[in-house]
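One structure below.
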Amino acid sequence: MMKHFGVFLRGVAMGAADVVPGVSGGTVALITGIYATLIQSLSAINIDFFRLVLKGRIVDAWHHVNANFLLALMAGIAVSLFSLAKVITFGLAQHPEPVYSFFMGLILASSILLWRDITPHRLSHGGWLLIGALFMWGVSELRPVAIEPTPWLLFGGGAIAICAMILPGISGSFLLLMMGLYSVVLSAIDTLDLATILIFGAGCIVGLLSFVRVLSWLLIRYRNALMSFLVGVLLMSLKVLWPWQGVSMAAGSEAAIAGGAFIVGLVLVAGLGYLGRQRLS
């Protein structure tokens, strides 16, 4: 029970992160040590799973996709999207510098921990890190567009955004912002606009079940190269999260609070990493 509650809390954190443009729920999954389990569980929703369901072997199908894990995680994400998301958006509107600084601390610390876990280090890993950084730099240079949110656009936006949301460092909310759909989707969630939510959600399901197989294959075949690429993405995402975009950096108490939030983020991830190593040793 406590194990599933821990997964639920990770889901809450992922849902909160997915609301923030520039932060990825996949980053939270990576930081909290459930990323590989998440990808493997989602990729298990395949032909074998549907065969088991059609044969009436529901218990076997349930275990095949690690459904206890997925259910606890998705429940946490849903609770977060419909509750904690409002707190995050309020924080971003009223106190953006500390919030973004906190996320910067989380991401910098997790990048260091991830790079340390890539063994043995090879020159090619540095190359993949550079490619990841350049890729994220290109994404960060995209600019928002103003377009009419048609059903097909909402469906396609959901498919694209969910792929980004499960990739550490790539923010699905940021891509929605670039496509002109961020405020539409957030407003639909806030007002319970079921038609918009269902169309967007259908796109998410199709995109997720398609893309997750590619990720699972990469994790099995080219884990260190993929992780090196993702470290580059995470490091360059700090550019997107910099709290003083286009303005001079604040001084005095505002800068001190932002610096404190950054340190809290660093210490939190370092502490989680330490506890994880203690549990393994």
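S80 approaches G11 most closely through the heavy-atom pair CB-O, 4.5 Å. Across all non-hydrogen atoms, the minimal contact from T196 to A188 is CG2-CB, 3.6 Å. Closest approach of G105 and L266 over heavy atoms only: O-CD2, 3.5 Å. The two residues I199 and P151 come nearest to each other via the heavy atoms CG2-O, 3.3 Å. Shown here for A61 and V53, the closest heavy-atom pair between the two residues is CB-CG2, 3.8 Å. Minimum heavy-atom separation, N46 to H64: OD1-NE2, 3.3 Å.
With contacts defined as side-chain heavy-atom distances shorter than 4.5 Å, the pair F69/L38 qualifies. Using a 4.5 Å heavy-atom cutoff, the side chains of V79 and F8 are in contact. Counting heavy atoms from C-beta outward, L108 and L235 have side chains that approach closer than 4.5 Å.
Linking ILVMFWY side-chain heavy atoms closer than 4.5 Å, directly or via other members, places I34 and L226 in a single hydrophobic cluster. Linking ILVMFWY side-chain heavy atoms closer than 4.5 Å, directly or via other members, places M227 and Y222 in a single hydrophobic cluster. At a threshold of 4.5 Å between side-chain heavy atoms, the hydrophobic network of Ile, Leu, Val, Met, Phe, Trp and Tyr places Y35 and M74 in one connected group. F135 and L218 fall within a single hydrophobic cluster, where Ile, Leu, Val, Met, Phe, Trp and Tyr are joined by side-chain heavy atoms under 4.5 Å apart, directly or via other members. There is no path of hydrophobic side-chain contacts, each under 4.5 Å, that joins L71 to F5.
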task: May I have the step-by-step check of side chain to side chain contact (heavy atoms under 4.5 Å, CB included) for F155 and V206, ending in yes or no?
output: CA-CA 9 Å; F155 182 88; V206 171; 3.8 Å; yes
- request: For N68 and W62, run side chain to side chain contact (heavy atoms under 4.5 Å, CB included): C-alpha distance rounded to whole Å, both residues' side-chain angles, the deciding distance at 0.1 Å, then the answer.
  value: CA-CA 8 Å; N68 285 336; W62 186 271; 2.9 Å; yes
message: With side chain to side chain contact (heavy atoms under 4.5 Å, CB included) as the criterion, how do T37 and V7 come out once you've worked through the C-alpha distance, each side chain's angles and the decisive distance to 0.1 Å?
response: CA-CA 11 Å; T37 304; V7 173; over 6 Å; no
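Here C204 contributes atom SG and L198 contributes atom CG; the two are 11.5 Å apart, rounded to the nearest 0.5 Å. Separating the CD1 atom in I263 from the CZ atom in F102 is a distance of 13.0 Å, to the nearest 0.5 Å. One finds the CZ atom of F200 at 11.5 Å from the CD1 atom of I205 (value rounded to the nearest 0.5 Å). From L130, atom CG reaches atom OG of S228 across 11.5 Å, with rounding to the nearest 0.5 Å. Here the CZ atom belonging to R122 is positioned 7.5 Å from the CG atom belonging to N224, to the nearest 0.5 angstrom.
Using a 30° and 60° split on the angle between ring planes, W115 and H125 fall in the perpendicular class, above 60°.
For the side-chain contact (heavy atoms from CB on, under 4.5 Å) criterion with L42, the lone passing option out of V212, L73, N66, V65 is V212.
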